[in-house]
Amino acid sequence: MAVRISPSILSADFANLEAELGRISTADWAHVDVMDNHFVPNLTIGLPVVERLVQVSPVPVDVHLMIEQPDRWAPAFAEAGAASVTFHAEAVQAPVRLARELRRLGARAGVALRPATPFEPYVDLLAEVDMVLVMTVEPGFGGQPFLDGTLAKIRRVRAAVGAAGLDVWVQVDGGISAQTIERAADAGADTFVAGSAVYGAQDAAGRIAELRALAAAAHRHV
Ligand code: DX5
Ligand code: ZN
């Protein structure tokens, strides 16, 4: 199983985003958290800023939309050049239509689940998406502790992806660090968002390499 590291710029210096993206050039993706103060109790950045981030990022941009009405707002992020656009299952009205629209626009389509949202109602959506994001904290803020109660869901998503014979990535987001990434990898995650763990490190590239090595070792033991 491949390992992909997607540092979240939520923990970066928002006054210096181009330079902060430069610090993660050895990562696979740059994770950009869009929050609308309605779906989650926090407000970050919107489309005009994401458009510029896509232009200057050394790695593809992985947009995580923590917003209401993703059916209405998500396609513009794909049009802006985000290589992956993830919407929340709890907010979307027509997930199949939206996922197809995102793919038609050239983006990978992802569906995200809050910690208390079960995966099973979405199992038939697997053929329509490129990634399932299992939130491992309640979305809204960086720096929260990893919720071990989400590990069983990660395992169920991985099993369903395997049973369907699909190449759908299983992403985890929230509390991923050198202390927790092996548990998530062992449960079947292959794509790892890490905000505070990467941007809180003096040597971001070193931390990315460390996380990658820990996840790869955990996969070898599975
Ligand atoms: C939280 C965001 C995460 C956040 C993760 O709602 O979706 O991407 O940046 O931060 P850490 O890795 O610090 O938990
Ligand atoms: Zn996120």
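Along the sequence shown, the residues carry numbers beginning at 1. Counting convention: from 1, in listed order, for ligands and their atoms alike.
Nearest non-hydrogen protein atom to atom 1 (C) of ligand 1 is Phe141 O, 3.5 Å. Closest to atom 9 (O) of ligand 1 among all protein heavy atoms lies Ser8 OG, 2.8 Å. The shortest contact between atom 13 (O) of ligand 1 and any protein heavy atom is with Ser196 OG, 2.5 Å. Of the protein's non-hydrogen atoms, Gly175 N, 2.8 Å is the one closest to atom 14 (O) of ligand 1. Summary of contacts: the protein heavy atom closest to atom 5 (C) of ligand 1 is Asp173 OD1, 3.5 Å. If you check which protein heavy atom lies closest to atom 12 (O) of ligand 1, you get Gly195 N, 2.7 Å.
Close contacts of ligand 1 with Gly140, meaning ligand atoms under 4.0 Å from a residue heavy atom, involve 1 (C), 6 (O). Applying the 4.0 Å criterion to heavy atoms of Val193 picks out, from ligand 1, the atoms 8 (O). Taking every non-hydrogen atom of His64 and a distance limit under 4.0 Å, the qualifying atoms of ligand 1 come out as 7 (O). For ligand 1 and Met66, the ligand atoms under 4.0 Å from any heavy atom of the residue are 6 (O), 7 (O). Interface of His31 with ligand 1, defined as ligand atoms under 4.0 Å from a residue heavy atom, comprises 8 (O).
For the pair Asp13 and Tyr199, the minimum side-chain heavy-atom distance is 4.5 Å or more. The side-chain heavy atoms of Pro48 and Val50, taken from C-beta on, include no pair separated by under 4.5 Å. Two residues are said to be in side-chain contact when any heavy atoms from C-beta on lie closer than 4.5 Å; Ile154 and Val172 meet this criterion.
When Gly142, Gly174, Ala194 are checked for heavy-atom proximity to atom 10 (O) of ligand 1, Gly142 turns out nearest.
Considering backbone and side-chain atoms together, Gly143 places an N or O closer than 3.5 Å to an N or O of ligand 1. Of the polar atoms of Glu138, none of the N or O atoms is found under 3.5 Å from an N or O of ligand 1, judged by distance alone. Checked against a 3.5 angstrom limit, the closest N/O atoms of Leu10 and ligand 1 fall outside it. Checking only distances, Ser11 never comes within under 3.5 Å of ligand 1, N or O to N or O.
With hydrogens and angles left out, the side-chain atoms of Ser8 and Asp33 include a donor and acceptor closer than 3.5 Å.
Side-chain atoms of Arg158 never come within 3.5 Å of backbone atoms of Ala187 as a donor-acceptor pair (strictly under, hydrogens ignored).
Under 4.0 Å from ligand 1, heavy atoms of Pro139 appear from its side chain as well as its backbone.
For Asp33, the N, O or S atom closest to the Zn ion (ligand 2) goes by the atom name OD1. The N, O or S atom of Asp173 lying closest to the Zn ion (ligand 2) is OD2.
Judged by the 6.0 Å and 45° rule, Arg4 forms a cation-pi pair with Trp169. For Arg114 and Phe39, the positive end sits near the middle of the six-membered ring, less than 6.0 Å away and at most 45° from its axis.
Between atom CZ of residue Arg183 and atom CG of residue Asp148 there is a gap of 4.5 Å, rounded to the nearest 0.5 Å. Here CZ of Arg97 is found 13.0 Å from CD of Glu128. Values are rounded to the nearest 0.5 Å. Rounding to the nearest 0.5 Å gives a distance of 12.0 Å between CG of Asp130 and CD of Gln171. Note that OG1 of Thr136 and NZ of Lys153 are 10.0 Å apart. Values are rounded to the nearest 0.5 Å.
Using a 4.0 angstrom heavy-atom cutoff, Val137 does not count as in contact with ligand 1.
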For this session: For salt bridge (charged side-chain N to carboxylate O under 4.0 Å, His left out), just list the numbers for Asp203 and Arg23, CA-CA rounded to whole Å, side-chain angles, deciding distance to a tenth of an Å, and then say yes or no.
Result: CA-CA 8 Å; Asp203 174 11; Arg23 290 177 65 200; over 6 Å; no
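Residue-environment remark: CD (Glu120) exceeds the threshold of 12 foreign heavy atoms within 6.0 Å.
Of the angles at the Zn ion (ligand 2), the one spanning ND1 of His64 and NE2 of His31 is 100° when given to 10°.
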